[in-house]
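Working notes for the structure below.
The sequence lines fix the lettering, A, B, ..., with proteins before strands; numbering per chain opens at 1. Because the structure is a prediction, the values reported are computed rather than measured.
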Amino acid sequence: MQIKAIKGFKDILPEEAKRRRKIEDKARKIFENTGLKEIRTPVLEKTEVFARGIGEHTDIVEKEMYTFIDRNGESLTLRPEATAGILRAVIEHKLYNTSPLLKLYTIGPMFRHERPQKGRLRQFHQINVEYVGSYSPLADADIIFLAYEIVTSFADPEGHLLEINSLGCPKCRPLHRKDLLKFLENNKKELCKDCQRRAKTNPLRVFDCKNEECKIVLKFAPVMKHYICPDCASHLGKVLDTLEAYGIPFVQNPYLVRGLDYYNRTTFELVSKGLGAQSTVAAGGRYDGLVKLLGGPELPGVGMAIGVERLLLLMEEEGDERREGLFIAAFGDEAREEALYWIGYLRKKGIKCEFSLEDKSLKAQMKQADKSKARYCLIVGENEIENEEAILRDLETKEQEKIDLDELPEGILEKIKE
RNA sequence: GUGGGCGUAGCUCAGUUGGUUAGAGCGUCGGGUUGUGGCCCCGGAGGCCGAGGGUUCAAGUCCCUCCGCUCACCCCA
C-alpha cells in the first residue's frame with residue numbers, strides 16, 4: 001500500500017505554489033500600502049485560547065478542532081482560525097501599548113477536521129487581517145475594503161456579492177435573542193430537527209435553514225434589525241456610507257450570522273457565484289469583547305479572513321510566461337568545464353542561468369533550453385572552442401550572434417540585459 | 001457524522017452481450033537533421049485495470065467487503 005497524504009491535507013505542487021505566491025504577493029503589497037504589519041503566530045496553541053475565544057458551543061470548538069494531549073498532559077490545538085492566536089500574542093506582548101491602533105496581517109495554514117469538499121480542506125490557508133484598538137466604523141469599512149480589493153484583483157467583481165449585517169451589541173442583542181428563543185420555543189413543532197437543535201446551540205443559525213417549511217415559519221420570527229439600538233444603528237449606517245465612498249457595492253442581509261461567538265455589530269461575507277456550496281471567499285466582522293475575554297484590556301477589534309484555496313478556485317488562468325535568462329548548451333569535455341565558470345559567474349551577477357547536468361546532444365540540450373523558458377541559449381561545442389567563438393542564440397527571435405570566448409562570461413551581461 | 005457519484009499509464013479518458021498479448025490523446029524520453037528548440041513525422045519507456053475475496057473454462061467487465069477520491073448535507077474561509 002502506497003503512503004498517501006492524509007485526508008483533507010494537500011500537497012501544493014510547483015504550479016499551484018506559483019499561483020499562491022502571486023496571491024500572497026498581491027495581498028502583501030496591498031497591506032503595506034494600507035500600513036499593516038505582518039505578525040506570525042504558532043500553528044499550535046493551548047486549547048483554551050480557542051475554546052474561550054471562539055466559543056465553547058460553536059461547531060468549530062465542539063467537533064472540528066485537531067486537539068490532542070501533549071506529552072506533559074496539556075491540551076493543545078492546531079489553530080482552526082487566526083484571530084484568537086493573534087490576540088493572545090497581542091495581549092502577551094502588550095502590543096497595544098506600542099500604538100493606539102494595531103493593524104496586523106498574517107498568511108498561513110489553519111486546521112479543521114471537517115469532511116472535505118469543494119473549497120473545503122482540513123488544512124487550508126487564510127489571509128487574515130486584524131485591527132485592534134478602534135471603535136470607529138471606518139475601521140470596519142477599511143477591513144472590508146482590504147478583503148474586497150484582494151479578492152477582486154484576482155476574480156471578476158461581477159461574480160461576487162458583499163453581504164453585510166449588524167449583530168448588535170451587548171445592550172441590544174440579548175433583547176432580540178430572548179424574543180427569538182421564545183418564538184422558536186413556541187413554534188418548535190413547525191421546525192425541522194436541525195432547527196430545533198439550532199434553537200438550543202446557535203439560535204441565529206435557524207435563519208440559514210433551507211427547509212421550506214422552516215422558512216415560512218421564520219418569516220414571522222423577530223429580526224435583529226428591529227431590536228438594534230441607536231448606537232449600533234448609527235455605526236452600521238456609517239460603515240455602509242463608507243463602503244459607498246469606497247465604491248464597494250453591497251447588500252444588507254439581516255439574516256447573516258457568523259459561526260464564531262465573538263462577533264458583535266458589523267459582520268460581512270463576500271460570496272462568490274464561482275464556487276460550489278462553500279461560496280464564501282472572505283468574511284469577517286467586529287469583535288469588541290474578545291480581547292478582554294482572552295484576558296487582555298478592554299479593546300475593540302475588527303478582522304477578516306480570505307480563504308486562499310477558494311480564491312484560487314476563482315483565479316483565472318494566466319497566459320504564457322515570458323522567456324527570461326540564459327541556458328548554456330555546452331557539449332564536449334572542454335566546453336562543459338569552461339561553462340561551469342561562466343554559470344557560477346552569471347548566477348552571482350543575478351542572471352537566471354541553467355544548463356544540462358548530463359553531457360547530452362546539442363539537440364537534446366536545445367530542447368531543454370526551450371522548456372526552461374530561457375530567453376537566450378549560449379552554444380559551445382568543439383568547434384566553438386577551436387574557433388574561440390561561442391554562439392548566442394535568441395530563442396524568441398531565432399537571431400544568432402558570435403561572441404569571442406575571451407569576452408566570456410562578462411560579454412554576455414551586456415547582450416542579455418534588456 | 002449522513003447521503004450520492006467515481007476509482008484503467010504522470011494527466012484526461014476509451015474498453016462491445018465476460019473471451020486470447022489492455023488502448024488513445026496529451027506529457028515524457030529518443031530519432032528523423034553526421035552540431036540548433038517550438039511545428040511535423042517515426043519510435044521507446046511507462047499499467048498488480050484502487051485492495052481483498054467470490055462466481056466462471058475464462059473477470060478491467062458480474063457479485064460482496066474494505067479503502068480512496070469527489071460532490072452535497074452539516075458547518076464555514
Just call it for Q368(A): base, sugar-phosphate, or nothing, with non-hydrogen atoms closer than 4.0 Å on any strand.
nothing
More than 12 foreign heavy atoms under 6.0 Å from NZ of K352(A): is that the case here?
yes
Separation of the P atoms in rC42(B) and rG50(B), to the nearest angstrom
31 Å
Check the surroundings of atom CD in E48(A): do more than 12 heavy atoms from other residues, nucleotides or ligands lie under 6.0 Å from it?
no
Any idea how Y66(A) and F9(A) line up, ring-wise: parallel (<30°), tilted (30 to 60°), or perpendicular (>60°)?
perpendicular
Side-chain N,O (K4(A)) to OP1/OP2 (rA51(B)) below 4.0 Å
no
For the side chain of E384(A) and the base of rG35(B), is some donor closer than 3.5 Å to an acceptor across the two?
yes
Hey, does E269(A) reach any base, or is it just sugar-phosphate, or nothing, if we go heavy atoms under 4.0 Å?
nothing
For I127(A), report the nucleic acid contact type (base, sugar-phosphate, nothing); a contact means any heavy atom under 4.0 Å.
nothing
Can you tell me, in whole Å, how much space there is between the P of rG25(B) and that of rC40(B)?
13 Å
Check: R115(A) side chain, rC71(B) base, donor-acceptor under 3.5 Å:
no
For rU16(B) versus rU56(B), give the span between their P atoms, rounded off to a whole number of Å.
23 Å
Under 4.0 Å, counting only non-hydrogen atoms across every strand here, what does K7(A) touch: a base, just sugar-phosphate, or nothing?
sugar-phosphate
Rounded distance in Å between the C1' positions of rU17(B) and rU21(B)
23 Å
When both hydrogen-bonding distances must be under 3.5 Å and the geometry is Watson-Crick or G-U wobble, what is rC69(B) paired with, if anything?
rG5(B)
Taking the same atom, C1', in rA58(B) and in rU20(B), what whole-Å distance lies between them?
10 Å
Can you tell me if F331(A) is stacked onto the base of rG35(B), using a 5.5 Å centroid cut-off and an angle below 30°?
no
What is the nucleic acid contact for A329(A), judged by heavy atoms within less than 4.0 Å: base, sugar-phosphate only, or nothing?
nothing
Counting the atoms with a prime plus P, OP1 and OP2 as sugar-phosphate, which does K363(A) contact under 4.0 Å by heavy atoms, base, sugar-phosphate, or nothing?
base
With sugar-phosphate meaning primed atoms plus P, OP1 and OP2, does A283(A) contact a base, only sugar-phosphate, or nothing at under 4.0 Å between heavy atoms?
sugar-phosphate
Between D370(A) and R323(A) (salt bridge meaning N to carboxylate O under 4.0 Å), is one present in this structure?
yes
Under 4.0 angstrom, heavy atoms only, what part of the nucleic acid is L312(A) near: base, sugar-phosphate, or nothing?
nothing
Could you tell me whether E92(A) and R88(A) make a salt bridge, using a distance below 4.0 angstrom between a side-chain N and a carboxylate O?
yes
Using a cut-off of 4.0 Å on non-hydrogen atoms, how would the nucleic acid contact of G119(A) be classed: base, sugar-phosphate, or nothing?
base
On the side chain of Q400(A), is there an atom forming a donor-acceptor pair with the base of rU36(B) - under 3.5 Å, no angle test?
yes
Taking the P atom in each of rA22(B) and rG44(B), what is the distance between them to the nearest angstrom?
16 Å
rA14(B) to rC49(B) separation - C1' atoms, rounded to the nearest Å
13 Å
